[in-house]
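Shown next, in structure tokens, is the structure this report addresses.
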Amino acid sequence: MNMELERKPHAALDLDSRVLKGRKIERLLRLESSRDVRRLLEVGTGSGGISHYFARHAGHRFDVDSVDVTDSRQVTGTYRFHVVEDVLLPFQDETFDVVVTNHVIEHVGDDSRQDAHLAEIRRVLKRDGVVYLAVPNRWMLVEPHYRVPLLSWWPERWRSGWLRLWKKGHFYDCRPLQLADAERRLRAAGFEFRQVHAEAVRALVEIEFPQSFGWRAVVGLVPDGLYRLLRPMFPTLIWIMRKT
């Protein structure tokens, strides 16, 4: 059995959530005040909602390309779309000012392919460019693609069996990362980075729950030191990255 052939897309196809995600990414990358036209690449198009947001709804400041291994787009026409077969990107070196890879690296395969994914992002990124990278944490309580508790906690060879036990599938085709190993590999790939969990939580509440005074008050009271203490446990690991 060729397990690589069993890998499948897990794209979020609802456009409303992708617009909110695009707004959060824009804020975390501090692109809201940008006035120059910037080349932006999204790796993992999915519904196309994030690419469409930057191409159409952000003041026309971004010239957008997007790649995926399948075409699951729900919105088209505002950005250039490219089908790719693997992690290799069909662009020249140092093409993009911004690269977005949102919940993609866990889908590309084993360690060597994940490292190749990072290497390709660095290759096409301009010297002063910036990357948004998000990935599920291996130690999340409920795995987000299959909604199975503790699925990624098991050694890799046991995960598909746990998935079958819950009757949610036959082969677990994702490889979430854990904080220390992920950051070691980011350094090895030639990136400097900062984890932005505190900013991400605050941006999520402000963007998705703007009328909720309670949530805004609670999030505002949490000190940055507590976020730093809990950072290995966040269900989603998020970094803003630049070339070293």
Side-chain angles (χ1 to χ4, degrees), residues 11-12 15 18-69 73 75-84 86-105 107-108 114-135 182-183 185-197 199-200 202-204 207 236-244:
L15 291 177
R18 298 305 86 195
V19 170
L20 295 174
K21 179 69 73 173
R23 289 177 59 193
K24 186 177 83 169
I25 292 170
E26 183 180 23
R27 180 173 300 187
L28 293 174
L29 291 175
R30 299 174 183 173
L31 300 174
E32 295 163 303
S33 61
S34 171
R35 291 293 176 264
D36 297 330
V37 175
R38 297 186 181 187
R39 291 290 305 275
L40 183 147
L41 171 65
E42 183 184 14
V43 182
T45 311
S47 69
I50 293 174
S51 288
H52 179 74
Y53 172 79
F54 281 104
R56 179 76 174 177
H57 296 294
H60 302 281
R61 300 189 304 269
F62 299 97
D63 181 20
V64 180
D65 288 89
S66 195
V67 302
D68 211 326
V69 294
R73 291 175 294 161
V75 59
T76 63
T78 56
Y79 57 90
R80 291 176 294 274
F81 175 70
H82 314 261
V83 175
V84 294
D86 53 28
V87 297
L88 299 180
L89 298 172
F91 306 106
Q92 297 296 317
D93 295 356
E94 299 193 354
T95 296
F96 295 99
D97 301 286
V98 181
V99 178
V100 174
T101 173
N102 180 57
H103 290 261
V104 172
I105 193 170
H107 299 296
V108 302
Q114 291 183 342
D115 290 342
H117 173 72
L118 294 174
E120 278 294 278
I121 289 170
R122 190 182 189 283
R123 181 183 66 79
V124 302
L125 186 69
K126 290 183 180 179
R127 169 51 55 186
D128 59 350
V130 62
V131 179
Y132 172 94
L133 186 148
V135 60
E183 294 193 340
R185 293 167 67 183
L186 295 180
R187 291 187 189 94
F191 288 107
E192 61 182 28
F193 51 84
R194 62 186 181 91
Q195 203 177 12
V196 291
H197 295 133
E199 298 99 312
R202 290 167 185 153
L204 182 148
I207 290 170
T236 300
L237 305 174
I238 303 173
W239 295 275
I240 304 303
M241 313 188 321
R242 296 182 182 274
K243 287 183 173 181
T244 54

Please list, chain by chain and in numerical order, all residues satisfying side chain to side chain contact (heavy atoms under 4.5 Å, CB included) with [X], sequence neighbours excluded.
X    : answer
V83  : F81
T76  : R73
V196 : L28, R194, E199, I238, I240
V87  : V108, A116, H117

Q. Sequence neighbours excluded, which residues qualify as ring pair (Phe, Tyr, Trp, His ring centres under 6.0 Å) partners of Y79?
A. none

side-chain hydrogen bond (donor to acceptor under 3.5 Å, both in side chains) with [X]: which residues, sequence neighbours excluded?
X    : result
R27  : E206
T236 : none
S66  : T45, S51
N102 : none

Q | From M241 atom CE to R122 atom CZ, the distance as rounded to the nearest 0.5 Å | A | 10.5 Å

Taking only distance into account, with no hydrogens and no angle test, what donor-acceptor pairs under 3.5 Å do side-chain atoms of residues 126-133 form with protein atoms, sequence neighbours excluded?
| unit_1 | atom_1 | unit_2 | atom_2 | d |
| --- | --- | --- | --- | --- |
| K126 | NZ | D97 | OD1 | 3.3 |
| R127 | NH1 | T244 | O | 2.9 |

Q) Which of these passes side-chain contact (heavy atoms from CB on, under 4.5 Å) with V99: V43, L89, L40? A) V43

Q.
Going by the rule salt bridge (charged side-chain N to carboxylate O under 4.0 Å, His left out), which residues pair with R39 if we only count those two or more places apart in sequence or in a different chain?
A. D63, D65

Q. Considering residues at least two apart in sequence or located in another chain, which fulfil the salt bridge (charged side-chain N to carboxylate O under 4.0 Å, His left out) criterion with E94?
A. K243

Q) Charged N to carboxylate O under 4.0 angstrom, R123 versus E120? A) yes

Q) In terms of side-chain geometry, is the basic nitrogen of R18 or E42 positioned less than 4.0 Å from the acidic oxygen of its partner? A) no

